[in-house]
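Here is the naming used below: chain letters follow the sequence lines, and residue numbers restart at 1 for every chain.
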Amino acid sequence: MSFSITLPDGSKRDFDKALTVGDLAHNIATSLGKAAVAAKVDGQLEPVDYQLNKNAKVAIITNKDDEALNVLRATAAFLFEAVAKKAYPELHFGEHAADKDGFYVDTDKTNQIKISELPQLEKAMKKSIKNGEKIEHVQVAKSDLEAEFKDDPYKGALLKNEKGDTVDAYKLGDFTDFGFDALLPNTGKIKYFKLLTVAGAYWMGKSSNPMLQRISGTAFFKESALKADLKRRDEIKERDHRTIGRDLDLFFVDPKVGAGLPYWMPKGATIRRVIERYIIDKEVADGYQHVYTPVLMNLNAYKTSGHWAHYRDDMFPPMDMGDGEMLELRPMNCPSHIEIYKHHIRSYRELPIRIAELGMMHRYEKSGALSGLQRVREMTLNDGHTFVALDQVQDEFAKILKLIMDVYKDFDITDYHFRLSYRDPKNTQKYFSNDEMWEKSQKMLKGAMDDLGLDYVEAEGEAAFYGPKLDIQTKTALGNDETMSTIQLDFMLPERFNLTYVGKDGEEHRPVMIHRGIVGTMERFVAYLTEIYKGAFPTWLAPIQVEVIPVNLDAHSDYAKKVRDELNKRGFRAEADLRNEKLGYKIRESQTQKIPYTLVLGDKEMKANSVNVRPYGTDDEIAKSLDDFIKEIDKDVNSYSRKNK
RNA sequence: GCUGAUUUAGCUCAGUCGGUAGAGCGUUUCCCUCGUAAAGAAAAGGUCGCCAGUUCGAUUCUGGCAAUCAGCACCA
């Protein structure tokens, strides 16, 4: 027997008898042997007692590697299970996982674990950790495990997913579980962990299945890392747009007047208006014709479009007008823009026809999904539809993508990835059934991305009901993935609404429709920006750009008003704080309100027709002439500067 | 929608083992007239989420509903 192990640096080591990953690590260096947590063997995560007996590529993982954290957390999850099972012998376990956010274990409901019981369980875990209890890695025949878990409602099903006749299982005392890539050989290393929350989660992630309880927590190798992570979790709250929205008086949602129906206060409305003007200008410059269409539409239009068949759960119930007419609050405005297209006979010479609208949509979101401006029941969509000939699809697609990238640049959106969203062919309830069209459009979309040489992930079951999409997924400041922009190819609706244009040949042809959104909805986009900027909006977006504060009310109010008026006249959003309060008090408020520029005006400034500038987040006092300040802020606004970030 | 927790003044939160409530911040008024992150005083402000039930009496106990939060499912 002889085989060789290839290490990450390319070097090879030959062996003539089997050895464990741990032995290999020791063989390389004693210190590495001590630090080894697990290994990647041909890309697969394996524990330190894994037997090497044939040619393989091996990378030893120590606690400096990200994957080591997953091993640690999986071990913590396993220990939690063992301890919880001891405390509640009748408890069953569902799925468990460990990743960059921590770990979780699903348990069944018959024996609810309350959040108040977590400290006791933590204590029991700590006891085991202190004792450094051994975790035994065993290969068990699948049939033995099936026998052991024969009364378990979940483990049997999970066992079916395990490949082969033997299963990698782990034992701590008489507790056994499986489904881990690799665990530590001993509980002693799980020093710094915390159980965090108890929440519901569906068994196997299906809402038709019973709901289990998910206990989640996190673990680190270093105490400082755990502390930093707990602090990070706390600080996330400070970025929450709901908190900032209230503190800065941007918007409110009040169940008394309707859950999920936000009210935009003047400051929030200002931010939104600036964005709306920006995006309309941008789109008009890119060849879009902006329109307004009604929020109500005859239900028949949504029957024709397929919304009524495939999207009804997300729609408000129709209004019965009593004379046979049924009106529907629109959930999307593709049918509205189709009506605009159909209003005239269209020639190939006009194509592409680009229709855009900041249109208000209503969708009946499930109560549990509502969240501030992030998920609402009334939203203004940055929507647009372009109607093109078949041979224009690629160019139009590239043009839209360029527009999106231009906008991202101005808003400094850099953390995003592309996702091609396809239908799930098995889900006939959700998607139009027309295999040929789906194949064609999905292939065309992928081809367009490949031609542009862009990287993407593919996701089945994420398409719109009428066609596949390119989704641009951004990361929010709170770490959630969300769809910011989308480009969707649609062969279905032109067919259903019998859209035509007259070709060069004088015959009628069918156009292709491209649905696209740049910044998604105004609601979600403002929520996103609020979190990214932590409420300190860049000057071009800030609801109040300049706060003017007189040193002495009697002596300097007139000059403060004069400066404010001059700024307002030039189109800047300036306010003068003429309340009877101390200077320090007003400065403080101007800072907590995150206003980009605070101007303090006293005798010196009045005499010299100057201002004293304190930019947000600093304690600078910069004296300059009013003219110079105006030049500075003008430059700041026009550059879409992010310096407040 | 589901599971759990929560809901008391504009905000953050105490409190009442059943006898209708408090603090800090904010607001208003008075006072102070001030050079870069909170001067001082007084006052106003609450159907104790909503609807039932039990009780002599419910903010407190019980039930239902709604909303909010965490997560799941869904999703822009």
task: Identify whether any heavy atom of T592(A) sits under 4.0 Å from a base atom; if not, whether one sits that close to sugar-phosphate; answer base, sugar-phosphate or nothing.
output: base

Margin query: Is it true that H96(A) and E81(A) share a donor-acceptor pair across their side chains at a distance under 3.5 Å?
Written below: no

Separation of A70(B) atom P from D240(A) atom CG, nearest Å, is 7 Å

Here the distance between atom C1' of C31(B) and atom CD of E581(A), to the nearest Å, is 12 Å

From CH2 of W203(A) across to C1' of U3(B) the rounded distance in Å is 17 Å

Nearest-angstrom distance, P atom, A70(B) to C51(B): 28 Å

Per atom distances to the L583(A) side chain, the nearest of G35(B), G1(B), A37(B) is G35(B)

Closest to the side chain of A199(A), out of U68(B), A70(B), C74(B), is A70(B)

Quick note, L553(A) side chain, CB onward, closest among U33(B), G71(B), G1(B) is U33(B)

* **Aromatic ring pairing F411(A)/F525(A), orientation class (parallel under 30°, perpendicular over 60°, tilted between)** => perpendicular

As its Watson-Crick or G-U partner within any shown strand, both distances under 3.5 Å, A70(B) has U3(B)

Ranking A73(B), C34(B), A67(B) by distance to the side chain of S207(A), first place goes to A73(B)

Taken to the nearest whole Å, CG/L195(A) to C1'/A70(B) is 16 Å

Under 4.0 Å, counting only non-hydrogen atoms across every strand here, what does V551(A) touch: a base, just sugar-phosphate, or nothing?
base

Can you find a donor-acceptor N/O pair under 3.5 angstrom joining the side chain of Y202(A) to the base of G1(B)? yes

Margin query: Whether the Q473(A) and H417(A) side chains hold a donor-acceptor pair (N or O, under 3.5 Å, no angle test) is what I'd like checked.
Written below: no

For C75(B), does the base pair up with any side-chain atom of R524(A) as donor and acceptor (N or O, under 3.5 Å, distance only)? yes

- side-chain N/O T197(A) vs A70(B) OP1/OP2, d < 4.0 Å: no

Q: Determine the Euclidean distance between corresponding P atoms of A58(B) and A52(B); express it in Å to zero decimal places.
A: 12 Å

From CD of E621(A) across to C1' of A37(B) the rounded distance in Å is 12 Å

How far does the C1' atom of A66(B) sit from the matching atom of G26(B), given to the nearest Å? 28 Å

Pair of N/O donor and acceptor under 3.5 Å linking A37(B) base with R614(A) side chain
yes

From CG of L373(A) across to P of A76(B) the rounded distance in Å is 17 Å

Applying the 3.5 Å cut-off to both distances, the Watson-Crick or G-U partner of U60(B) turns out to be none

Would you say the side chain of E365(A) and the base of A76(B) hold a donor-acceptor pair, judged only by whether the two atoms sit under 3.5 Å apart? yes

Partner of C13(B) under the Watson-Crick or G-U wobble criteria, both distances under 3.5 Å, comes out as G22(B)

Select base, sugar-phosphate, or nothing to describe what K469(A) touches, counting heavy atoms under 4.0 Å on all strands.
sugar-phosphate

For C74(B), does the base pair up with any side-chain atom of R375(A) as donor and acceptor (N or O, under 3.5 Å, distance only)? yes

Examine U33(B): is either OP1 or OP2 under 4.0 Å from a nitrogen or oxygen in the side chain of N552(A)? Give yes or no.
-> no

When rounded to whole Å, the CE to C1' distance for the pair M211(A) and G4(B) reads 10 Å

| request: Indicate, with a heavy-atom threshold strictly under 4.0 Å, whether L370(A) touches base, sugar-phosphate, or nothing. | output: sugar-phosphate

- Message: Please tell me whether W438(A) and Y431(A) form a close aromatic pair, meaning their ring centres lie under 6.0 Å apart.
- Response: yes

- Message: Using the C1' atom as the point on both nucleotides, what is the distance between C50(B) and U8(B), in whole Å?
- Response: 15 Å

Once you apply a heavy-atom cut-off of 4.0 Å, does T483(A) come out as touching a base, just sugar-phosphate, or nothing? sugar-phosphate

Re A37(B): Watson-Crick or G-U wobble partner, both distances kept under 3.5 Å, found to be none

| Would you say the side-chain atoms of R423(A) pair up with the backbone N or O of A463(A), donor to acceptor, closer than 3.5 Å? | no

Integer angstrom distance from the P of G22(B) to that of U47(B): 16 Å

Do you see a donor-acceptor pair shorter than 3.5 Å between the side chains of Y88(A) and T107(A)? no

*Rounded to whole angstrom, note down the C1' distance from C48(B) over to A21(B).*
8 Å

Of R579(A) and P255(A), the one whose nearest nucleotide on RNA chain B sits closer to the 5' end is R579(A)

*Candidate pair E547(A) and R579(A), rule salt bridge (charged side-chain N to carboxylate O under 4.0 Å, His left out), full reasoning*: CA-CA 12 Å; E547(A) 186 73 46; R579(A) 291 175 303 170; over 6 Å; no

Show your reasoning for whether salt bridge (charged side-chain N to carboxylate O under 4.0 Å, His left out) applies to R214(A) and D106(A). CA-CA 4 Å; R214(A) 175 165 296 178; D106(A) 289 350; 2.8 Å; yes

Review point. Do E589(A) side-chain and G26(B) base share a donor-acceptor contact under 3.5 Å?
Key: no

Re G49(B): Watson-Crick or G-U wobble partner, both distances kept under 3.5 Å, found to be C65(B)

Looking for any heavy atom pair under 4.0 Å, which part of the strands does E605(A) touch: base, sugar-phosphate only, or nothing? base

Counting any heavy atom closer than 4.0 Å, what does D620(A) reach on the DNA or RNA strands: base, sugar-phosphate only, or nothing?
nothing

Exercise for review: Would you tell me if any nitrogen or oxygen in the side chain of R242(A) comes within less than 4.0 Å of OP1 or OP2 on A70(B)?
Suggested key: yes

Assert: residue with more 5' nearest nucleotide on RNA chain B, out of G205(A) and T598(A), is T598(A)

Of the candidates A37(B), G1(B), A38(B), the side chain of Q591(A) sits closest to A37(B)

Using Watson-Crick geometry (N1-N3 plus N6-O4 or O6-N4) or G-U wobble (N1-O2, O6-N3), each under 3.5 Å, A42(B) is paired with U28(B)

### Message
Would you say the ring centers of H515(A) and Y466(A) fall short of 6.0 Å from each other?
### Response
yes

When you measure from the side-chain N and O atoms of R246(A) to the phosphate of U12(B), is any distance below 4.0 Å, counting only OP1 and OP2?
yes

G19(B) to U12(B) separation - P atoms, rounded to the nearest Å: 27 Å

With a non-hydrogen cut-off below 4.0 angstrom, is K586(A) in contact with a base, only sugar-phosphate, or nothing? nothing

Scanning all shown strands, the Watson-Crick or wobble mate of U55(B) with both distances under 3.5 Å is none

| task | Check every strand shown and say whether G520(A) touches a base, only sugar-phosphate, or nothing at a heavy-atom separation below 4.0 Å. | result | nothing

Separation of U12(B) atom P from D247(A) atom CG, nearest Å, is 9 Å

For D603(A), answer base if it contacts any base atom (sugar-phosphate contacts may also be present), sugar-phosphate if it contacts only those atoms, and nothing otherwise; contact means non-hydrogen atoms under 4.0 Å. base

* Asked: Is it true that K594(A) and E589(A) make a salt bridge, defined as a side-chain N closer than 4.0 Å to a carboxylate O?
  -> no

Classify R363(A) by what it touches in the nucleic acid, base, sugar-phosphate, or nothing, heavy-atom distance under 4.0 Å. base

- Take atom P in A38(B) and the same atom in U27(B), then report the distance between them in whole Å. 15 Å

